[in-house]
Amino acid sequence: ETVICSTRATVMLYDDVNKKWVPAGGGAQALSRIQIYQNPTSNTFRVVGRKMQPDQQVVINSAIVKGLKYNQATPNFHQWRDARQVWGLNFSTKEEAGQFASGMLHALEALDS
């Protein structure tokens, strides 16, 4: 797999029961290194995020599938739904959000072609 995009954000999950966003992986909100990986052999993509802390806890490992609805809710907060839940990424800067968005859109275009 190759990394096509690397940025930093806080990974959030939507809690359907309580109708609110909660930090992924439990505990306090913490910045994570978010990367989009491409497997050129099978033409698959996934989003992987690890907390930028000593334990490097994986807080997201979400497949990017054809037809995925990617929503740039605000310039700094983007979200999408996979088979299990709704993911949100809260970026520190618009630049990082933009980098991730172009990586995600590249992946979705590649899956469509």
Side-chain angles (χ1 to χ4, degrees):
E1 285 184 309
T2 53
V3 175
I4 61 165
C5 164
S6 183
T7 183
R8 293 170 315 167
T10 305
V11 181
M12 308 294 282
L13 282 171
Y14 192 71
D15 176 349
D16 269 335
V17 176
N18 298 308
K19 305 285 182 234
K20 65 178 188 174
W21 290 97
V22 295
Q29 282 193 31
L31 267 183
S32 295
R33 162 83 45 218
I34 311 296
Q35 294 174 309
I36 297 179
Y37 286 94
Q38 176 179 19
N39 181 330
T41 318
S42 57
N43 194 36
T44 55
F45 297 86
R46 63 192 179 115
V47 179
V48 177
R50 288 186 179 84
K51 279 194 179 174
M52 295 173 74
Q53 292 174 333
D55 68 348
Q56 299 262 308
Q57 179 192 7
V58 173
V59 287
I60 181 171
N61 186 352
S62 172
I64 301 173
V65 294
K66 187 178 171 135
L68 177 136
K69 298 278 183 284
Y70 180 64
N71 178 26
Q72 299 179 44
T74 73
N76 286 32
F77 189 81
H78 299 181
Q79 63 193 70
W80 70 94
R81 175 185 297 273
D82 69 12
R84 294 188 313 267
Q85 58 228 345
V86 182
W87 295 99
L89 294 179
N90 200 0
F91 298 95
S92 321
T93 67
K94 289 185 180 74
E95 291 72 28
E96 292 197 289
Q99 276 179 355
F100 183 84
S102 54
M104 178 65 94
L105 297 173
H106 165 81
L108 291 170
E109 279 169 25
L111 290 169
D112 268 343
S113 60

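Basis for what follows: all heavy atoms, side chains included, without hydrogens, waters or symmetry-related copies. In what follows, residues are counted from 1 in the order of the sequence shown. No experiment lies behind these values; they were computed from the predicted model shown.
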Quick one: closest heavy-atom pair of [X] and [Y], and the distance?
X	Y	answer
N76	S92	ND2-O, 3.6 Å
P75	A97	O-CB, 3.1 Å
G103	C5	CA-CB, 4.2 Å
Q29	P23	CG-CG, 3.6 Å
A30	Q53	CB-NE2, 3.6 Å

Can you get from [X] to [Y] by hopping between Ile, Leu, Val, Met, Phe, Trp and Tyr side chains that sit under 4.5 Å apart?
X	Y	value
V22	V59	yes
V3	I34	no
I60	L13	yes

Is any side-chain heavy atom of [X] less than 4.5 Å from a side-chain heavy atom of [Y]?
X	Y	answer
S6	R33	yes
T10	L89	no
F91	F77	no
M104	F100	yes

Please round to the nearest 0.5 Å and tell me the distance separating atom [atom1] of [X] and atom [atom2] of [Y].
X	Y	atom1	atom2	answer
Q99	R8	CD	CZ	9.5 Å
Y14	D16	OH	CG	6.5 Å
Q38	T2	CD	OG1	5.0 Å
K94	T74	NZ	OG1	8.5 Å
S32	Q57	OG	CD	8.0 Å
N39	F45	CG	CZ	9.0 Å

Considering only distance and modelled atom types, tabulate donor-acceptor pairs under 3.5 Å from the side chains of residues 62-73, sequence neighbours left out.
from	atom 1	to	atom 2	distance (Å)
S62	OG	W80	NE1	3.3
S62	OG	D82	OD2	3.2
Y70	OH	H78	ND1	2.5

Show me the pairs that pass side chain to side chain donor-acceptor pair (under 3.5 Å) and involve residues 18-27, at least two apart or across chains.
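Of all non-adjacent pairs touching residues 18-27, those that pass side chain to side chain donor-acceptor pair (under 3.5 Å) are D15-N18.
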Scan for side chain to side chain donor-acceptor pair (under 3.5 Å) pairs involving residues 100-113, sequence neighbours excluded, and state none if there are none.
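Side chain to side chain donor-acceptor pair (under 3.5 Å) check on residues 100-113 returns no pairs.
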Decide if atom CZ of R81 counts as having more than 12 heavy atoms of other residues, nucleotides or ligands within a radius under 6.0 Å.
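Open: at most 12 neighbouring heavy atoms sit under 6.0 Å from CZ of R81.
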Apply side chain to side chain contact (heavy atoms under 4.5 Å, CB included) to residues V48 and Y37 and explain how you reach the verdict.
CA-CA 7 Å; V48 177; Y37 286 94; 3.7 Å; yes
What verdict does the side chain to side chain contact (heavy atoms under 4.5 Å, CB included) test give for N61 and V47, after you've listed the backbone C-alpha separation in whole Å, the side-chain angles of each residue and the deciding distance to 0.1 Å?
CA-CA 6 Å; N61 186 352; V47 179; over 6 Å; no
